[in-house]
Engineer: 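After the structure tokens below, expect a handful of questions from me.
These values consider heavy atoms only, across backbone and side chains, with no hydrogens, waters or symmetry-generated copies. Fair warning: this is a prediction, and the values are worked out from it, not measured in the lab. Chain identifiers are assigned alphabetically (A, B, ...) following the order of the sequence lines, protein sequences preceding nucleic acid strands; residue numbering begins at 1 within each chain.
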Number of protein chains: 2
Amino acid sequence: MLTSRSTVFESFPALQQLDAKDRDWLVKQVQVQHFPAGTRLFYEGESCAGFLLLLKGSMRVQKLTDNGHEIVLYHVLPGQSCKLTNSCLLGGQRYPAEAFSETEVELLTIPKAAFKQLLEKSPQLRNAIYSSIDDAMSELVTLVEEVAFGHLDHRLAQFLLECTRQQPRLQTTHQAVATELGTAREVISRLLKEFERNGWLKLHRGSIEITDRAALGAI
Amino acid sequence: MLTSRSTVFESFPALQQLDAKDRDWLVKQVQVQHFPAGTRLFYEGESCAGFLLLLKGSMRVQKLTDNGHEIVLYHVLPGQSCKLTNSCLLGGQRYPAEAFSETEVELLTIPKAAFKQLLEKSPQLRNAIYSSIDDAMSELVTLVEEVAFGHLDHRLAQFLLECTRQQPRLQTTHQAVATELGTAREVISRLLKEFERNGWLKLHRGSIEITDRAALGAI
């Protein structure tokens, strides 16, 4: 079932400060849409149609290069807005990357013109958007550093530990892990086999089972 | 000789729209400072003291990693503001990188409180700052892609061509080029020697002389 349009206020605290008249107006502007997993939510080069707030599911923002490589820039989780969208909305440039739904998603959109009107009215909203953009900038700087200098074995171990906090087995492919870490599938397969030989994990068809978290954490 | 504080209006068009009263007030707030080459202008982890506009010279914003690697994020040239500073000013986070003067610089600063007041008053200024941040975001996304997947020989060739548009000889060290491209000095030295063997450039003590621009452009 789709979330009601009025839940935008619970989902995004910066909007709770709007007065009754603005809230009523806003509820009429927003759209709530539902997409299956694997839907492309925006394209690189597309101009930004509106503010995006994820209500349910998760989406992935990634860069696709000319020669078919992919690198994940960040993920968006429920209650979060899309940072690159916020920057494009404010700056007016076209999207420098693309986004996909990773699961079924419920996505709330405030059209660009309405969002810009709200932004002029609400210092709280401006501050929330500024923080989101500044976070994204810091994260991108860190990503540049990691990609340039981070040792891949360390990054892979950290990624596996992060994804297996709830259960020891991660349903994924070597290609998906490679995309996440911005490298080639062959490189990830080689490292995973090395980790398996060391007894730190077991490779199954379509999943990776962590067997020694302490050893992975020590890399 | 230091530039007069009132030149802030010529240097940064978004401020020209302020009314006479705001302009008079602003002129009293700004500082113009002069620094020799190689001065650290801000540190990673420092909170942002104010808006920075470069009047003369050039500065370099870079990330220094725990194990002593450096990668240049971008350069700031006369008439430009520092994009990371703009993001930190708005978002309130600490600097995720550091900046150095590359030549003697003349730097205009508007203290944070005064800048935030101006920003609330002037939609033109807000738009200029938003564009600067959005540019930086797109550039960082591109840098992530380049660092992750860009072939280093291509990036090195493009860098050398870019730096030698005015004259064929570039005064630099292999370490400085490595820092610029986010890699190790040894890697750059190896590539430069290969380029020299191919007859595309000549290596001198402290400089690189380009001898075949067309060949470098074709890499």
Engineer: Pick whichever of B/G92, B/C88, B/S131 has the most heavy-atom pairs under 4.5 Å with chain A.
Structural biologist: B/C88

Engineer: Once rounded to the nearest 0.5 Å, what's the spacing between atom CD1 of B/I133 and atom CD of A/Q93?
Structural biologist: 12.5 Å

Engineer: Is it the side chain or the backbone of A/N86 that comes within 4.5 Å of chain B heavy atoms, both, or neither?
Structural biologist: neither

Engineer: Indicate yes or no: at least one non-hydrogen side-chain atom of B/L90 is less than 4.5 angstrom from one of A/D134.
Structural biologist: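 When only atoms from C-beta onward are counted, A/D134 and B/L90 do not touch, as no gap falls below 4.5 Å.
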
Engineer: Rounded at 0.5 Å granularity, tell me how far OH in A/Y130 sits from NZ in B/K116.
Structural biologist: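 The distance works out to 8.0 Å.
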
Engineer: If you define the side chain from C-beta out and look only at heavy atoms, does anything of A/V141 sit under 4.5 Å from B/L84?
Structural biologist: yes

Engineer: For B/M137 and A/K83, which heavy atoms make the closest approach, and how far apart are they?
Structural biologist: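 Distance-wise, the nearest heavy atoms are CE-O, 4.2 Å.
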
Engineer: Sort out for me which of A/I129, A/N127, A/D135 touches chain B most, counting heavy-atom pairs under 4.5 Å.
Structural biologist: A/D135

Engineer: Is chain B contacted by the side chain of A/L140, its backbone, both, or neither, given a heavy-atom distance below 4.5 Å?
Structural biologist: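 It is both, since atoms from each part get that close.
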
Engineer: Could you tell me the separation between the CZ atom of A/R126 and the CZ atom of B/R126, rounded to the nearest 0.5 Å?
Structural biologist: 4.5 Å

